[in-house]
Amino acid sequence: MFKKLTAGLVASATFLSAALPIESRAADTRMLTSYYADYFHGRTTANGEVFNMWGNTAASKTLPFGTRLRVCYSGCVEVRINDRGPYIGNRSLDLSYGAANAIGLIGPGVAWTDVTFL
């Protein structure tokens, strides 16, 4: 009887987990984050868009274009990956000036942020 009950629970859990969307509101990771601004404003990004320093976009060396993230420092902002970089040190994410300003990253310039994949 125990084997039947266990098999039934495992089958039910497998079925339910396949039907439920995978979504997390907790921070998935921490990334060393910086920002880029006026020098690149109006230039073409790696995915072909024109960079708007006031927008809520970001650059990553590895994340696919179109990936949406919630980035939090002293505030939070939602950004979309549309460029490649940063190429300085061990930084993982480069925010547009507008996104960096929204979370209070302009003062420090570079800081560890909490990042959630949306």
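Taken together through direct or relayed side-chain contacts under 4.5 Å among Ile, Leu, Val, Met, Phe, Trp and Tyr, Leu32 and Phe117 form parts of separate hydrophobic clusters. Under the 4.5 Å side-chain heavy-atom criterion for ILVMFWY residues, a single connected hydrophobic cluster contains both Trp54 and Tyr36. No path of Ile, Leu, Val, Met, Phe, Trp and Tyr side chains, each step under 4.5 Å between heavy atoms, connects Val115 with Trp112, placing them in separate hydrophobic clusters. Under the 4.5 Å side-chain heavy-atom criterion for Ile, Leu, Val, Met, Phe, Trp and Tyr, Leu95 and Val50 are members of distinct hydrophobic clusters.
In terms of heavy atoms, Leu93 sits closest to Ala58 at CD1-CB, 4.1 Å. Here the closest non-hydrogen pair linking Pro86 and Ala59 is CD-O, 4.0 Å. The two residues Asn52 and His41 make their nearest non-hydrogen contact at OD1-CE1, 3.4 Å. The two residues Ser34 and Val110 come nearest to each other via the heavy atoms CB-CG2, 3.9 Å. Ala37 and Phe51 get closest at one heavy-atom pair: O-CE2, 3.5 Å. Heavy-atom minimum distance, Ser96 versus Tyr35: O-CB, 4.3 Å.
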(request) For side chain to side chain contact (heavy atoms under 4.5 Å, CB included), just list the numbers for Asp114 and Tyr73, CA-CA rounded to whole Å, side-chain angles, deciding distance to a tenth of an Å, and then say yes or no. (result) CA-CA 7 Å; Asp114 294 315; Tyr73 183 60; over 6 Å; no

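Remark: Arg80 fails to qualify as a cation-pi partner of Phe65 under the 6.0 Å distance and 45° angle criteria applied to the six-membered ring.
Counting only distance, with no hydrogens or angles, the side chain of Thr57 and the backbone of Ile81 share no donor-acceptor pair below 3.5 Å. Although no hydrogens or angles enter the test, the distance criterion places no donor-acceptor pair under 3.5 Å between the side chain of Lys61 and the main chain of Ser92.
In this structure, CD1 in Ile103 is found 10.0 Å from CG in Asn56, a value given to the nearest 0.5 Å. How far SG of Cys72 is from CD of Glu78: 9.0 Å, rounded to the nearest 0.5 Å. Here the CG atom belonging to Leu63 is positioned 5.0 Å from the CE atom belonging to Met31, to the nearest 0.5 angstrom. In this structure, CG on Asp94 lies 7.5 Å from CD1 on Ile88, to the nearest 0.5 angstrom. Remark: Thr116 OG1 to Arg70 CZ distance equals 6.0 Å, nearest 0.5 Å. Atom CG of Asn101 sits about 9.0 Å away from atom CE of Met53, to the nearest 0.5 Å.
Around atom OH of Tyr39, no more than 12 heavy atoms belonging to other residues, nucleotides or ligands sit under 6.0 Å away.
No salt bridge links Glu49 with Arg43; every basic N to acidic carboxylate O contact stays at or beyond 4.0 Å.
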